[in-house]
Amino acid sequence: MELEPINIEGTPKTPSVKFNAEEGIIEIKGRSIPENSIEFYKPLVDWLEEYKKNPLDKTVVNIQLEYFNTSSSKCILDVFKKLEAIHKAKNEVEINWYYEEDDEDMLEAGEDYESIIRIPFKMIEIVE
Amino acid sequence: MGFNVDDFFKELDGGHVLLSYKGSITTEIINHALDVVEGKLQEYNEDVKLRKKVYNVLVESLQNLYHHIDDLPEDYRDEYESRFGVLVVSRVDDSYKIATGNFIRSEKIKYLKDKIDKINSLSREELKDMYKFILNHQKISDKGGGGLGLVDIARKTGNKLNYVFHNFNNDYYFFNLDVFVSEKSS
């Protein structure tokens, strides 16, 4: 059975999401600051659990957040842990962590995740 | 007569105030506060790094408030609506000050005080380690970040968390937290 893609439009408090199993693309972009983030992220983590069973040889992950709150930070880690499992099963996982020019907090947040999940991140500064 | 919330609020509500509110802390109020403050920071042409920091810290402060308010007993309901809290965002010298206040039950004070004192005693590197430890090891609760909020605020501002517990009655205190975000934070 095909894993249906997820396409979610962004809102002022939740990010836009594009998960596509056929293309091997995982994208989360925008603001992630809901009061309760589990509700938002649960379907995404569940999707990755399915994808993990039969991933493409190469998965490209693009995370480009403007803001995220601590409630989201644990959920984002859950997303990364699924990706780590895919990586450990000898599939290529490329993680691109985008941050806005001079946003050292966002760069540091990426480094925090990178040190926890042990897949190298590509840190990409978006210069305007 | 114990602590008076109105007097406390009046005192806060002076100087260069961007936003002040007292009442029920709801998701709508949080959204509104974020919009207002984001708009004003833009209007002031504030440096983008500082703007982002203030916004980030405001999100965390408000959601902390949202998740940790204790309601007073019913007989206070005329004076204080449920989920009652106080928020004042102001400009003080070269900093933005985010002041929040809420009732908490007396038995929670020790835990909270110890936690804040611990955070205030840590260096930048130690805060980073603490953040990563909690992120990686604690289960997320329905309440949100599972105790990451204050650590994140301390880390992002680079400043100590200022707090006072005002005695309200035997069972309740009014918890006031002042957070400062300044140019040097960025």
Side-chain angles (χ1 to χ4, degrees), chain A residues 10-15 30-42 44-45 64-85 98-119 121 125-128, chain B residues 25-32 34-35 38 47-68 124-125 127-158 181 185-186:
Chain A
T11 74
K13 290 177 93 170
T14 54
R31 295 183 175 197
S32 184
I33 53 170
E35 274 75 41
N36 295 304
S37 41
I38 299 178
E39 206 180 310
F40 184 82
Y41 280 93
K42 173 101 181 21
L44 307 185
V45 174
Q64 186 176 332
L65 292 167
E66 188 191 2
Y67 294 110
F68 69 93
N69 60 1
T70 55
S71 167
S72 301
S73 65
K74 293 226 174 201
C75 296
I76 294 169
L77 181 62
D78 287 342
V79 167
F80 280 133
K81 292 232 159 139
K82 296 286 175 221
L83 295 165
E84 183 184 37
Y98 292 87
Y99 62 100
E100 287 173 32
E101 195 173 2
D102 282 340
D103 192 345
E104 283 153 24
D105 287 337
M106 196 54 79
L107 171 62
E108 219 181 331
E111 290 167 353
D112 288 351
Y113 283 120
E114 185 182 28
S115 73
I116 293 174
I117 65 154
R118 293 184 227 105
I119 306 177
F121 280 32
E125 185 173 16
I126 309 161
V127 180
E128 283 180 18
Chain B
I25 303 293
T26 61
T27 299
E28 290 69 36
I29 288 298
I30 292 178
N31 296 350
H32 177 70
L34 290 172
D35 278 350
E38 191 175 30
D47 169 65
V48 62
K49 270 170 90 173
L50 182 60
R51 227 159 63 193
K52 277 191 192 170
K53 254 196 213 277
V54 172
Y55 190 85
N56 256 312
V57 172
L58 184 64
V59 168
E60 239 24 85
S61 302
L62 286 171
Q63 293 182 345
N64 236 346
L65 184 64
Y66 177 84
H67 290 301
H68 297 289
R124 201 184 132 70
E125 273 308 303
L127 279 172
K128 183 188 176 84
D129 291 342
M130 186 183 192
Y131 180 93
K132 276 161 60 175
F133 182 85
I134 298 173
L135 178 63
N136 200 19
H137 293 97
Q138 268 178 30
K139 277 262 166 282
I140 186 163
S141 70
D142 297 339
K143 284 197 166 187
L148 274 176
L150 291 173
V151 184
D152 186 62
I153 291 169
R155 215 178 148 190
K156 290 220 167 84
T157 62
V181 192
S185 305
S186 40

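None of the values given here were measured: they were computed from a predicted structure.
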message: Under a 4.5 Å cutoff for heavy-atom pairs, which residue among B/Asn136, B/Asn56, B/Leu135 has the most contacts with chain A?
response: B/Leu135

query: Under a 4.5 Å heavy-atom cutoff, which of B/Thr27, B/Val48, B/Asn64 has the most pairs with chain A?
result: B/Thr27

Heavy-atom closest contact (B/Leu148 atom, A/Ser73 atom, distance): CD1-OG, 3.4 Å

message: Rounded at 0.5 Å granularity, tell me how far OH in A/Tyr67 sits from CG in B/Leu58.
response: 10.0 Å

field: Nearest-0.5 Å distance, NZ of residue B/Lys156 to CD of residue A/Glu104
entry: 13.0 Å

task: Answer yes when A/Arg31 and B/Glu38 have at least one side-chain N-carboxylate O distance shorter than 4.0 Å, and no when they do not.
output: yes

message: Between B/Ile30 and chain A, with a heavy-atom cut-off of 4.5 Å, which part of the residue counts as in contact: side chain, backbone, both or neither?
response: side chain

Residue list, salt bridge (charged side-chain N to carboxylate O under 4.0 Å, His left out) with A/Lys42, at least two apart or on another chain: A/Asp46

message: Which residue in the set A/Asn69, A/Asn36, A/Thr70 passes side-chain contact (heavy atoms from CB on, under 4.5 Å) when paired with B/Gln63?
response: A/Asn69

message: Under the rule for salt bridge (charged side-chain N to carboxylate O under 4.0 Å, His left out), what residues qualify as partners of A/Asp112, not counting sequence neighbours?
response: B/Lys128, B/Arg155

task: Search all heavy atoms of B/Lys49 against all heavy atoms of A/Asp102 and return the closest pair with its distance.
output: CE-O, 3.6 Å

message: Between A/Asp105 and B/Lys52, is there a side-chain heavy-atom distance shorter than 4.5 Å?
response: no

query: For A/Ile33, is it the side chain, the backbone, both or neither that has a heavy atom under 4.5 Å from a heavy atom of chain B?
result: both

